Each structure stands twice: as C-alpha cells, then as structure tokens.
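Before any comments, here is the structure.
Residue numbers begin at 1 in each chain, while the letters A, B, ... track the order of the sequences. These figures come from a predicted structure and were not determined experimentally.
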Amino acid sequence: MIPSYYEFINSVKILSGKNALENIPAELRGFEARKPILLTDKMLVKIGLAQQVADACGGSEIVIGAMYDDIPPDSSVEVVNDIVRVYRETGCDSVIAVGGGSVIDTAKGVCICLTEGTDDLLDHMGVDILKRRKTPFVVVPTTAGTGSEVTGVAVIANPAKNVKMEFVSANILPDVAVLDVRMTKSLPPRLTASTGMDALVHAIEAYTCLQRNPLSDAHAHAAINLIRKYLPRAVRDGKDEEARLAMANASLLAGVAFSNSMVGIVHAVGHACGGVLRAPHGDCMAILLPYGMEYNLSAVSERYAELLLPLAGPEVYARTSASQRAEKSIETVREMSAEYSRICGLPTKLREVGVKKEDFSAIARAAVNDGAMIVNPVEADEDDVLGILEKAY
Amino acid sequence: MASAYREIRPPAKRFERSCVSVLLWFVGRGFQAAAHVDKHVQDEVCGWKDGTIIAIGVAPCGPHMSVRKTGNRLRFLGNVKAPDADAVIEFKSLDAALLVLTGQIGIDRAYAEHRFSLKGDLFSIGMPLVRCLYIVESYLFPKSIAKKILKRWPKRSSSGFAVYFHTIFGV
Ligand SMILES: [Fe+2]
C-alpha cells in the first residue's frame with residue numbers, strides 16, 4: 001500500500017569501506033573548510049580512535065582546531081554551549097563528530113547553536129523549525145546501532161530547566177557519514193549485540209509506523225537482511241571486518257529508515273526506561289522488542305509477516321504458512337535475543353537492567369509523552385504501557 | 001531597462017483563509033469547552049505550568065488561534081497568534097490546515113505527513129496537547145468522521161452536547 005502522501009529525505013553523503021577516514025580532508029575541502037573541531041569522548045581518546053581520525057587527515061591542509069573530549073554519555077546543554085565557546089575561540093570552521101549517539105547528538109546541538117546564532121537551545125526545540133545548517137558537519141560513528149549519522153533527530157538534556165529537549169528537522173542532517181571498520185572493530189561482543197539490536201528495532205519500527213513509505217521500507221528491509229547475516233558474525237568475532245562493515249551499513253540503513261518513518265512504542269518505552277533509570281538503550285531495545293511487536297500485532301500483522309523474509313531468511317519464510325508468518329517474526333526476534341543472551345549475556349528481561357516495579361508508573365508516564373507514540377500504529381495509554389512493562393519484567 | 005517579465009502573484013485564497021479562521025475558532029472554543037467539562041482533558045491540561053500559551057495556525061502569517069492555561073481553566077484568547085506562546089503548531093499551508101480541520105486526516109497522520117511544524121517542548125506540552133486534540137476531535141466531529149481518523153476512541157467524561165453548548169455560548 002502506498003501512502004496518500006509522504007516525504008522522504010536523506011541528504012547525507014556516505015563514505016563506506018577501506019580507508020574511508022582518509023577521504024575526510026577531500027570532503028571538507030568541498031566546503032572550503034580547513035579547521036574542524038573534533039568532538040569525541042574520553043573513552044575514545046583513551047583507546048586511540050580519536051587520534052586515528054586526526055591522523056587520517058594527515059598530509060593535507062587540514063588542521064584540527066581543537067579536540068574536545070569532555071562529552072558525557074548524556075548530551076547536555078552545558079556541554080553544547082561550552083563547545084560552541086571553544087569553537088569560536090579557536091576559529092574553527094567545521095565539525096567532525098567521532099563517537100556514538102551522545103557525541104553525535106551533542107555535535108548536532110553545536111551545529112544548531114552555530115547556525116541559529118544562539119546560546120539558548122530552548123528557543124529552538126521542536127519539529128521542523130530549524131534553519132538550514134551552515135556549519136560543515138562530518139560524522140564518524142564508533143558504534144553500529146544508533147544510526148545518528150543519518151538521522152534528523154537530536155535529544156539534548158537541559159538539567160537546569162529539567163527539560164529533555166528534542167530537535168527534529170532534516171536541516172540537522174550531517175553532510176558526510178564515514179563508515180570505517182577501524183572505528184567499530186574494538187567494540188566488545190556485548191555492546192556489539194546490544195547496539196545491533198537497537199538497529200534492528202529501528203528497522204522493524206520504521207517498517208511498521210504510520211509514517212512508513214516505500215523508500216523507508218526499502219531501507220528497513222535491507223537493514224534487517226544485513227543484520228540477520230552479519231550481526232552473529234560481528235558478535236562472535238569482532239575482527240571480522242566484512243561483518244563490521246556490513247553492520248555499520250545496516251545501522252546506517254536503519255537510521256535512514258527511521259529518520260523518515262520514525263520509531264514507535266518500543267522506543268517510547270525504552271526511552272522512558274533510559275530516562276527514569278539510565279538503563280542502557282540497546283539493552284532496553286532488545287528486551288522490549290518482542291513485547292512491543294506483540295502489542296502492535298493486530299494492526300500490522302501483514303507487515304510483520306513480510307518481515308519474516310529478511311528476519312529469518314528465505315527457507316524459513318517459504319516453510320511458514322502465510323497466516324503464521326507474523327507470529328513467526330516475533331518468535332524469530334525472541335530467538336535472536338535469546339541467542340545473544342547465551343553468547344554474550346545480553347539481558348532479556350527488564351529486571352536485569354535495574355528496572356524495579358516501583359518505577360513502572362514513572363516509566364509509563366514518561367513513555368506516553370514520548371514523541372514516538374504519535375506514529376505508533378496502535379494507540380497506547382499508561383495502562384497499556386504498564387501491561388508491556390509487566391510482561392517484559 | 002524594465003524587464004520583459006513581470007511578477008505573478010498567486011491567488012490570495014481568501015475563501016480558504018476564512019474557512020480556516022472559522023474552523024480554528026471552533027477548535028479554540030471547543031478546546032476551552034472540553035477543558036471545562038471533560039475530566040480527561042483537564043488532567044492533561046493540569047500538567048502545564050500556569051500561564052502556558054498554545055497557538056495553532058497557518059505559517060507564516062495565515063489565520064491563528066491561541067489558548068492560555070489559567071488556574072485549572074483553559075482560556076480562548078481569540079483568533080490571534082499570541083507572541084509569547086510556549087508552543088506553536090503551524091500548518092505548512094492552508095491546504096494542510098483544511099485537511100486536518102475538516103477531519104480528512106487525523107493529528108497523527110498529519111504529523112506523519114509533515115503537515116505542520118511544532119515549536120516548543122514536545123515531551124511536556126506537545127504530547128499532552130495531541131491527546132487533548134484527540135478528545136476535542138471526538139466531540140466536535142460527527143462520530144463517523146472522528147472514528148475514521150482516531151487510532152482509538154479516547155476516554156471521555158462528558159457529552160458532545162455539553163461541549164457544543166460551551167463552545168458556542170462560552171464557559
Ligand atoms: Fe534506538
């Protein structure tokens with residue numbers, strides 16, 4: 001079925017594969033930029049990834065104006081403002097973000113401040129209200145899961161005002177995404193599995209949300225195919241470069257899908273668990289996915305049936321009768337979680353990530369206020385979320 | 001030398017503008033009325049800080065309407081775009097506004113189709129506002145239309161008659 005109307009954008013140029021990092025100077029040259037600020041976190045500096053990106057710019061006119069590594073796991077407005085100060089002080093002219101979701105979200109916040117000429121992000125939160133970004137912006141993801149390198153979404157905390165600021169706009173999409181296996185090779189198996197499951201949730205939710213369209217469908221489908229084939233390999237052997245590159249691509253494809261189709265109830269509840277208890281995002285995704293799918297089953301069973309092909313492969317798809325395929329998809333997802341739980345201890349229940357029953361009502365309240373709820377195919381109120389939490393506990 | 005080309009001004013669409021204006025008046029007054037008589041709308045509105053202002057309209061300078069939360073009431077401020085609004089929903093065109101305001105598509109569909117922008121806090125104002133509008137729609141639209149555009153029939157505690165009465169005669 002084709003939607004009566006939809007919009008789709010992915011304006012990000014993608015560099016994927018061997019020595020992709022070495023092409024960053026050429027991309028910056030295209031924007032007449034020569035002094036990027038490099039945003040990253042302390043861990044990535046420690047294991048040498050940040051330096052590797054800087055080194056890849058060697059032998060060119062590029063100068064790293066500053067390497068800012070003081071970015072915490074939760075992007076916050078103080079950090080964004082501090083980076084903007086350093087950027088101006090050091091006369092930088094572009095941004096390179098090297099990291100996972102929080103570094104990339106922080107970098108998006110920095111770009112918003114620089115473009116809008118403001119130091120108060122509060123005035124700019126919302127959907128589709130940002131001006132076209134002016135700062136050249138290159139992203140090098142170091143996990144394969146968030147897809148942030150191709151999403152027009154950023155979430156930044158404002159602890160002083162107690163606001164979780166959301167920015168949704170195609171105008172914060174980066175210019176260039178660089179997928180280089182050197183960046184994800186050192187990810188330990190447990191984190192590889194949990195970020196990979198996050199990518200899987202992005203693709204499945206994108207394929208079934210109200211905002212889905214033929215282009216986001218194609219991206220989601222391709223992402224799930226790659227995840228089925230390569231996530232087990234990447235988890236078992238981190239040095240498997242083909243698997244790492246495939247997973248980086250899968251994460252990106254799922255990112256393009258959900259940036260255009262949005263995510264649904266699994267993310268709404270997962271964000272709430274993360275917000276209330278700081279439960280790790282990927283873990284929450286892996287735990288909640290089958291329960292979210294069960295909740296939505298009545299409205300999108302046909303879509304789930306279609307997904308059995310990329311999820312389980314052609315043999316299983318052909319062997320399963322049409323009326324059983326949707327349930328079989330949910331079962332397949334359960335088996336995947338169980339498998340990674342055996343291999344590397346990925347949690348399968350909420351109680352394993354520190355969620356307690358007394359937190360349920362706070363989580364449910366936060367979940368229904370998450371933007372992802374709008375486009376979920378089935379409406380959900382606090383009681384419905386409590387039902388999901390109970391089952392996933 | 002004068003150019004051989006001259007400007008073409010697309011039509012002003014005065015009729016559509018007036019329709020949107022009238023429909024926005026109904027939404028504003030209907031919202032005010034629903035917050036007065038329906039407990040579920042009240043519960044959502046109660047979460048907002050006192051003085052919170054919400055504006056809905058057509059970008060950039062089409063018709064608008066605004067409401068303000070005062071105490072446990074919602075006050076309709078008229079067909080204006082309050083300059084100090086905490087949240088602003090703006091349809092991208094008159095056409096988009098008509099699609100939603102005449103019940104051809106629901107709020108969630110409109111969001112999915114990028115028919116409007118939202119300035120402000122999605123989490124604490126936007127989402128409760130969306131749920132309020134679901135309820136307001138269920139009162140103001142004929143049931144056959146409302147059922148078609150709502151994912152699920154919302155919990156309500158009043159009657160269409162009460163909401164219509166207070167929409168027309170005020171609260
Ligand atoms: Fe996610």
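- Looking at A/Pro377, the atoms closer than 4.5 Å to chain B (heavy atoms on both sides) all sit in the backbone: N, CA, C or O.
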Counting distance alone, with no hydrogens or angles, which donor-acceptor pairs between chain A and chain B are under 3.5 Å?
unit_1, atom_1, unit_2, atom_2, d
A/Asp123, O, B/Lys119, NZ, 3.1
A/Met125, O, B/Gly120, N, 2.9
A/Val127, N, B/Leu118, O, 2.6
A/Val127, O, B/Leu118, N, 3.0
A/Asp128, OD2, B/Lys92, NZ, 2.7
A/Asp128, OD2, B/His114, ND1, 3.2
A/Leu210, O, B/Arg109, NH1, 3.3
A/Leu210, O, B/Arg109, NH2, 3.4
A/Gln211, NE2, B/His114, NE2, 3.1
A/Val368, O, B/Arg131, NH1, 2.8
A/Asn369, OD1, B/Arg131, NH1, 3.2
A/Asn369, OD1, B/Arg131, NH2, 2.6
A/Met373, O, B/Lys151, NZ, 3.3
A/Ile374, O, B/Lys151, NZ, 2.8
A/Asn376, O, B/Lys151, NZ, 2.6
A/Glu379, O, B/Arg152, NH1, 3.4
A/Asp381, OD2, B/Arg152, NH2, 3.4
A/Asp381, OD2, B/Lys155, NZ, 3.0
A/Asp384, OD2, B/Arg152, NH1, 3.2
A/Asp384, OD2, B/Arg152, NH2, 2.7

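- With a threshold of 4.5 angstrom between heavy atoms, A/Met125 approaches chain B through its backbone and through its side chain.
- Only the backbone of A/Val378 comes within less than 4.5 Å of a heavy atom in chain B; its side chain stays farther off.
- Across A/Val168, A/Leu210, A/Leu122, A/Val375, the residue that shares the most heavy-atom pairs under 4.5 angstrom with chain B is A/Leu210.
- Between A/Ile129 and B/Leu118, the shortest heavy-atom distance links the atoms CG2-O, 3.9 Å.
- Residue A/Ala268: no heavy atom, backbone or side chain, is found under 4.5 Å from chain B.
- For A/Ala366, the parts lying under 4.5 angstrom from a heavy atom of chain B are both the backbone and the side chain.
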